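The structure presented is a predicted model; accordingly, all values stated were derived computationally and were not measured. Values below: all heavy atoms of this structure, side chains included; hydrogens, waters and symmetry mates excluded. Both ligands and their constituent atoms are indexed starting at 1 by order of listing.
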Amino acid sequence: MSILVVGSVALDTVETPFARAEETLGGAASYFTTAASLYSQVNLVAVVGSDFPREHLDFWRGRPVNLAGLQICEGRTFRWAARYHMDMNARDTLDTQLGVYAGFHPVIPDEYRDCELLFLANIQPELQMEVLEQAPRARLTVLDTMELWITTTRAQLTEVIQRVDILLMSEEEVRQYTNRASLVSGVRYLLDLGLKHVVVKQGSYGALLFSANGTFFSAPTFPLEEVIDPTGAGDAFAGGFLGYLSTVEPNSDGQYAIYDIRRGVVHGNIIGSFVCEDFSIGRLRSLTMDDVADRYRILVECSHFDPLWRFGA
Ligand code: AMP
């Protein structure tokens, strides 16, 4: 089953305490597209400027990626710069330049219209809404966002949240958006907006899945000895999550089984861990499903514990 994605395609400049990469391929949709195309065809909706290096387009053309919805406009590609702290779960955004995104309106090509899985990657909420409205057949809609949109376009973001099935947010974003100190209380607030599931991304600590039916699942992260650049881990998480779901059949009522949603969260964590091993999409270029399966096996082993215990045993 193919996946439709709208989001940023960018040129990123990233600095960590140990290295720096300038104007590399970035953007939420870039990470998502590259990650999810390991599982299924991805239909990309985005815009780049006339300065966007053609080699990135050639790379996607070599994978199951449909670029019919990628507009190339006169002007500058979206640019973003950030600096990571020694604890690479924390970063400061140094610069955001929307460039051609400032005047962009997504147009979904006819060939994308039957897509049943929709990912609204990080971009202005009004653009996410325009895509939602053009994709009435989407059976599962997943939304991601960022601090900038929580602070500058909260009302529009809320409208989008009220229209989707699943929201992905970092723990910090949940606190920012809900203004609640307790994560569980913040998630309750979000679920009350009508979401079926909320996935809370906790960087190097894993991810939590909260569902409207009251169930809860905690997925561990794959421990890495060396993190080169965590940029895009959240978007790659989404790529693994929806990528996995694109390979399984939903129930007869069109809903995905909770155990598949959980497996999807584990795939998300695994793909997110690989992204951190290089700048940009570097590690995803050579990633195979065998690599993913190896980490899946290790995570099952390291997070399984015996349900049988007794006091004083
Ligand atoms: P992540 O590390 O998963 O939060 O994603 C970082 C990516 O999001 C970078 O590649 C940026 O180019 C992109 N990005 C940063 N800020 C924004 C923004 N405000 N809107 C859309 N994309 C953004």
Side-chain angles (χ1 to χ4, degrees), residues 5-16 21-36 44-49 52 56 76-85 88-102 104 106 119-128 131 142-154 156-157 160 167-174 176-177 199-204 207 221 227-242 268-269 271-284:
V5 58
V6 63
S8 55
V9 171
L11 295 174
D12 286 351
T13 295
V14 174
E15 237 181 272
T16 73
E22 215 155 312
E23 305 247 308
T24 57
L25 175 60
S30 304
Y31 284 102
F32 178 89
T33 296
T34 310
L44 175 64
V45 175
V47 64
V48 292
F52 189 69
H56 302 321
R76 271 168 70 79
T77 297
F78 186 113
R79 278 174 172 73
W80 178 74
R83 183 183 297 130
Y84 284 87
H85 299 193
M88 285 208 236
N89 285 305
R91 73 180 175 212
D92 299 318
T93 293
L94 304 178
D95 190 27
T96 301
Q97 295 175 27
L98 288 185
V100 286
Y101 272 92
F104 172 61
F119 181 53
L120 303 171
N122 183 21
I123 199 62
Q124 294 103 305
E126 58 265 40
L127 299 184
Q128 295 176 319
V131 168
V142 181
L143 170 69
D144 194 12
T145 191
M146 219 180 203
E147 181 190 353
L148 179 65
W149 312 122
I150 294 174
T151 49
T152 61
T153 55
R154 190 192 156 85
Q156 291 97 320
L157 176 62
V160 185
L167 173 66
L168 314 180
M169 260 192 181
S170 71
E171 181 167 345
E172 203 185 343
E173 288 160 357
V174 173
Q176 267 161 5
Y177 180 82
V199 177
V200 182
K201 299 173 284 178
Q202 297 181 301
S204 62
T221 192
V227 170
I228 301 291
D229 171 21
T231 305
D235 315 306
F237 173 98
F241 176 65
L242 264 171
N269 270 357
I271 304 287
S273 72
F274 279 114
V275 160
C276 297
E277 294 183 332
D278 200 350
F279 279 104
S280 181
I281 57 156
R283 181 63 183 92
L284 295 182

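At the shortest separation from atom 20 (N) of ligand 1 among protein heavy atoms lies Trp149 NE1, 3.3 Å. Counting only heavy atoms of the protein, atom 22 (N) of ligand 1 lies nearest to Ser8 OG, 2.8 Å. Among protein heavy atoms, the minimum distance from atom 9 (C) of ligand 1 is reached at Asp12 OD2, 3.2 Å. Looking only at heavy atoms of the protein, atom 17 (C) of ligand 1 is closest to Met146 SD, 3.3 Å. In terms of protein heavy-atom proximity, atom 21 (C) of ligand 1 is nearest to Asn122 O, 3.2 Å.
A donor-acceptor distance shorter than 3.5 angstrom exists from the side chain of Gln128 to the backbone of Ala121, with no hydrogens or angles considered. The backbone N or O of Leu148 sits less than 3.5 Å from a side-chain atom of Thr151, completing a donor-acceptor pair. For the pair Thr77 (side chain) and Gly49 (backbone), a donor-acceptor distance under 3.5 Å is present. Formation of a donor-acceptor pair under 3.5 Å by the Thr153 side chain with backbone atoms of Gln156 is not found in this model. In terms of modelled atom types and a separation under 3.5 Å, the side chain of Thr96 and the main chain of Trp80 share no donor-acceptor contact.
Using the six-membered ring where Trp is involved, Phe32 and Phe119 have ring planes that are parallel, under 30° apart on the 30 and 60° scheme.
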Can you give the donor-acceptor pairs under 3.5 Å from side chains of residues 229-241 to other protein atoms, not counting sequence neighbours?
from   : atom 1 : to     : atom 2 : distance (Å)
Asp229 : OD1    : Thr231 : N      : 2.9
Asp229 : OD1    : Thr231 : OG1    : 2.7
Thr231 : OG1    : Tyr84  : OH     : 2.7

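Ligand 1 places these atoms under 4.0 Å from at least one heavy atom of Phe78: 17 (C), 18 (C), 20 (N), 21 (C), 22 (N), 23 (C). Interface of Gly234 with ligand 1, defined as ligand atoms under 4.0 Å from a residue heavy atom, comprises 3 (O). Annotation for ligand 1: atoms under 4.0 Å from non-hydrogen atoms of Ala10 are 12 (O). Shown in contact with Tyr31 at under 4.0 Å from a heavy atom are these atoms of ligand 1, numbered in order with element: 10 (O). Against a heavy-atom cut-off of under 4.0 Å, Gly26 is close to the following atoms of ligand 1: 10 (O). In summary, the atoms of ligand 1 found under 4.0 Å from a heavy atom of Leu148, numbered by their order in the structure, are 19 (N).
The shortest side-chain heavy-atom distance between Val14 and Thr24 does not fall under the 4.5 Å cut-off. Within the 4.5 Å cutoff, the side chain of Met169 has no heavy atoms near those of the Leu143 side chain.
At a heavy-atom cutoff of 4.0 Å, ligand 1 is contacted by both the backbone and the side chain of Asp235. Both the backbone and the side chain of Thr231 come within 4.0 Å of ligand 1, judged by heavy-atom distances.
By the salt bridge (charged side-chain N to carboxylate O under 4.0 Å, His left out) test, Glu23 pairs with Arg79, sequence neighbours left out.
Taking all heavy atoms of Cys276, Ala29, Ala81, Gly232 into account, the minimum distance to atom 2 (O) of ligand 1 is reached by Gly232.
In this structure, Phe237 does not count as a contact residue of ligand 1, since none of its heavy atoms falls inside 4.0 Å of the ligand. At least one heavy atom of Arg91 sits less than 4.0 Å from an atom of ligand 1. Between Tyr101 and ligand 1 there is no heavy-atom distance shorter than 4.0 Å.
Side-chain contact of Ser204 with Asn89: a donor-acceptor pair under 3.5 Å is present, judged by distance alone.
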